[in-house]
Amino acid sequence: MDGVIIDSEGIYLKDQLEFARKKNPDVTIDQLFGMVGATKKDAWEVFARAVNNGQSWEELRDEYRKNNLYSKIDYTKIYRPEVTEVLKNLKSKGYKLAVASSTQLDLVEHVLQVNGIRDYFKIVVSGNQFTRSKPDPEIYCFTADKLGVKAENCLVVEDSTIGITAAKRAGMKIAAVIDNRYGFDQSQADYFLTRVKDVIEAAERA
């Protein structure tokens, strides 16, 4: 979802950097890049290492939560409008669609609902439902099973290194949305998308 359906990663990182610098003014943005695409524990372990002030990742996360950033964001303003056209096109061609996101389930559902695209997806899955998070392939294997589709017949649209690695380990084809802002390694992808709408052609080729 993040980085593909919505362009949220820069907003999150900016806010996390401001919080980090209150703890340690020497923290740089690139030290937090590892948070992108990661689930809660993995992301905040990256944050704790960057801040390095003796607080645990749980303490830092709980303190940050008081800011309640997610409730302040208008997710319709960072929605990629071409996504609606893409989903409508793929659905009409009979593709089974799912969201498999590292983000907590209630927020994923909220983003999909406010942008009017929830009904396009057969299932919605969150990384918080699993003991092993991306780059472990568990979330993608589970999603394929629920869709009733073999892994080799799945096309995953991703942007982050963590997500791409998870999809690769699951034995799936990968279409990477090109993003050079956060130091992603997208070299394992099978297709590269300059725009999200290019996934329609990638799906046909896959």
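All values derive from a computational prediction rather than experimental measurement. Atoms considered below: every heavy atom in the structure, side chains included; atoms not considered: hydrogens, waters and symmetry mates.
- One N or O on the side chain of R80 and one on the backbone of V4 form a donor-acceptor pair closer than 3.5 Å.
- Residues meeting the side-chain hydrogen bond (donor to acceptor under 3.5 Å, both in side chains) test with R205, sequence neighbours left out: none.
- Inter-residue side-chain proximity for V83 and N115 is flagged as unmet; no heavy-atom pair is nearer than 4.5 Å.
- One finds the CG atom of N52 at 12.0 Å from the CZ atom of F47 (value rounded to the nearest 0.5 Å).
- Screening T143, V111, I5 for a side-chain contact (heavy atoms from CB on, under 4.5 Å) involving V99 leaves a single residue, I5.
- Taken to the nearest 0.5 Å, the CG atom of D7 stands 7.5 Å off from the CD atom of E9.
- Rounding to the nearest 0.5 Å places CZ of F184 at 13.0 Å from CD1 of I178.
- One distance of note links NZ of K96 with NZ of K146; it measures 13.0 Å at 0.5 Å rounding.
- The structure places CD of E82 at 9.0 Å from OG1 of T84, a figure rounded to the nearest 0.5 Å.
- Between the side chains of K197 and N89, no donor N or O sits under 3.5 Å from an acceptor N or O.
- Below 30°, between 30° and 60°, or above 60°: for Y64 and F19 the angle between ring planes is between 30° and 60°, a tilted geometry.
- In this structure, the ring of Y12 has its center less than 6.0 angstrom from the ring center of Y70.
- In this structure, the separation between CZ on R181 and CZ on F33 is 10.0 Å, given to the nearest 0.5 Å.
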Practice item. Show the numbers, then the answer: is there a side-chain hydrogen bond (donor to acceptor under 3.5 Å, both in side chains) between Q31 and T28? Key: CA-CA 6 Å; Q31 289 178 281; T28 61; 3.3 Å; yes

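- Although no hydrogens or angles enter the test, the distance criterion places no donor-acceptor pair under 3.5 Å between the side chain of Q55 and the main chain of A48.
- Residues satisfying the side-chain contact (heavy atoms from CB on, under 4.5 Å) test with Q188, not counting sequence neighbours, are I164, T165, K168.
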